[in-house]
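Written out below as structure tokens is the structure these notes cover.
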Amino acid sequence: MSLAALIFDVDGTLAETEEAHREAFNDTFAEAGLGWHWSRADYTRLLRTTGGKERMARHREEIGASGPTDAEIAALHKRKTARYGEILAAGGLALRPGVADLIETARASGLRLAVATTTNRPNVDALCAACWGRPAGEVFEVIAAGDEVAAKKPAPDVFLLALERLGLPASACLAFEDSRNGLASALAASLACVVTPSLYTARERFEGAALTLPSLEGLTPDALPQVPAAAQ
Ligand code: XBP
Ligand code: MG
């Protein structure tokens with residue numbers, strides 16, 4: 001089956017969002033009087049755990065703290081998500097080079113557009129509002145996000161949910177990712193995957209990627225890797 005849809009990861013792929021996430025986490029920790037603060041070096045290591053709630057739980061284990069409880073972490077994550085939305089609404093976030101053009105030329109050429117992300121839906125809406133001035137549902141036909149799946153990346157679940165909602169086989173789609181966890185998730189869903197490493201994932205390894213590029217700048221739909229490279 002020829003290429004029918006592009007499935008984009010969000011954080012690090014559409015835009016360099018992780019500094020805004022880190023700021024939202026740290027502001028939330030300060031507001032809660034938790035005494036936690038994640039440096040860039042902390043966050044680079046903690047980002048290997050996908051999902052904000054899971055990341056906070058991992059930090060709690062790493063420092064041997066008894067709290068906050070999982071329920072308190074869930075409440076902290078809600079506050080962090082609200083803070084992240086405020087940070088993005090304040091402006092300053094730009095799409096990575098080539099993202100807007102590829103999405104528009106892909107749409108114009110009849111390709112369907114989807115998102116498969118670990119972050120939650122409000123954060124996808126916040127990014128689309130900040131970068132396209134539109135809600136996510138007006139930019140992407142299908143959105144598979146965060147807690148809609150039981151297992152986050154590198155498990156294939158969120159890409160499989162996007163494929164299910166598209167009603168397409170993996171062999172008709174191409175994934176775009178920035179991280180090793182994201183690449184592993186796409187490959188586990190039998191998707192070919194283009195990787196554009198981000199600031200936080202630049203040192204990771206991307207064996208199995210159909211293409212690894214510094215950015216999507218200048219990439220046009222006719223230059224995309226032929227699928228089903230990974231499905232064979
Ligand atoms: C990256 C993630 C997310 C974000 C933080 O998601 O792992 O956890 O770091 O967002 P993506 P949340 O799959 O888009 O690269 O706090 O909402 O998890
Ligand atoms: Mg990512």
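Atoms within each ligand, like the ligands themselves, are counted from 1 in listed order. For reference, positions follow the sequence shown, starting with 1.
The Mg ion (ligand 2) lies closest to atom OD2 when only the N/O/S atoms of Asp9 are considered. Asp178 contributes atom OD1 as its closest N/O/S atom to the Mg ion (ligand 2). Nearest N, O or S atom of Asp11 to the Mg ion (ligand 2): atom O.
A salt bridge links Arg205 with Glu207: at least one charged nitrogen is closer than 4.0 Å to a carboxylate oxygen. Glu141 has no carboxylate O lying under 4.0 Å from a charged side-chain N of Arg165, or vice versa, which leaves the two without a salt bridge. A salt bridge does not link Lys53 to Asp70: none of the charged nitrogens lies less than 4.0 Å from a carboxylate oxygen. Between Arg83 and Glu86 there is a salt bridge, since a side-chain N of the basic residue sits under 4.0 Å from a carboxylate O of the acidic one. Taking the charged nitrogens against the carboxylate oxygens, Lys80 and Glu31 have no contact shorter than 4.0 Å, which rules out a salt bridge.
Residue Val10 approaches ligand 1 through these ligand atoms, each under 4.0 Å from one of its heavy atoms: 14 (O). The atoms of ligand 1 that sit less than 4.0 Å from any heavy atom of Asp9 are 11 (P), 13 (O), 14 (O), 15 (O). When each atom of ligand 1 is checked for a heavy atom of Gly52 under 4.0 Å away, the hits are 8 (O), 12 (P), 16 (O), 18 (O). Close contacts between ligand 1 and Phe25 involve ligand atoms 16 (O) [criterion: under 4.0 Å to a heavy atom]. Within the listing of ligand 1, atoms 17 (O) sit less than 4.0 angstrom from a heavy atom of Asn123. Here is the list of ligand 1 atoms found below 4.0 Å of a heavy atom in Leu47: 9 (O). Within ligand 1, counting atoms from 1 as listed, the ones closer than 4.0 Å to a heavy atom of Thr50 are 7 (O).
With His59 as the partner, the ring-ring contact (aromatic ring centres under 6.0 Å, His included) test is satisfied by one option alone out of Trp38, Tyr43, Phe29: Trp38. Among Thr212, Thr13, Leu211, the one residue that satisfies the side chain to side chain contact (heavy atoms under 4.5 Å, CB included) test with Val195 is Thr212.
Annotation: side chain of Arg79 is not in contact with side chain of Leu76 (no heavy-atom distance under 4.5 Å). Side-chain contact between Leu174 and Val194 is present, with at least one heavy-atom pair separated by less than 4.5 Å.
In terms of protein heavy-atom proximity, atom 14 (O) of ligand 1 is nearest to Thr117 OG1, 2.6 Å. Of the protein's non-hydrogen atoms, Thr119 OG1, 3.0 Å is the one closest to atom 10 (O) of ligand 1.
Residue Gly51 has at least one N or O atom closer than 3.5 Å to an N or O atom of ligand 1. Backbone and side-chain nitrogen or oxygen atoms of Thr118 are examined, and one is located within less than 3.5 angstrom of a nitrogen or oxygen of ligand 1.
Looking at Asn120 against ligand 1, both its backbone and its side chain come within 4.0 Å, counting heavy atoms. When non-hydrogen atoms are compared, ligand 1 lies under 4.0 Å from neither the backbone nor the side chain of Glu177.
The heavy atom nearest to atom 2 (C) of ligand 1, considering only Lys153, Arg55, Lys152, is found in Arg55.
Panel note: side chain Glu23, backbone Ala20; no donor-acceptor pair is recorded below 3.5 Å.
Rounded to the nearest 0.5 Å, atoms CG (Leu127) and OG1 (Thr17) are 7.0 Å apart.
Looking at every heavy atom in both residues, Arg180 comes nearest to Phe206 through N-CE2, 3.5 Å.
For Tyr43, the closest heavy-atom approach to ligand 1 falls below 4.0 Å. Within the 4.0 Å heavy-atom shell around ligand 1 one does not find Thr81.
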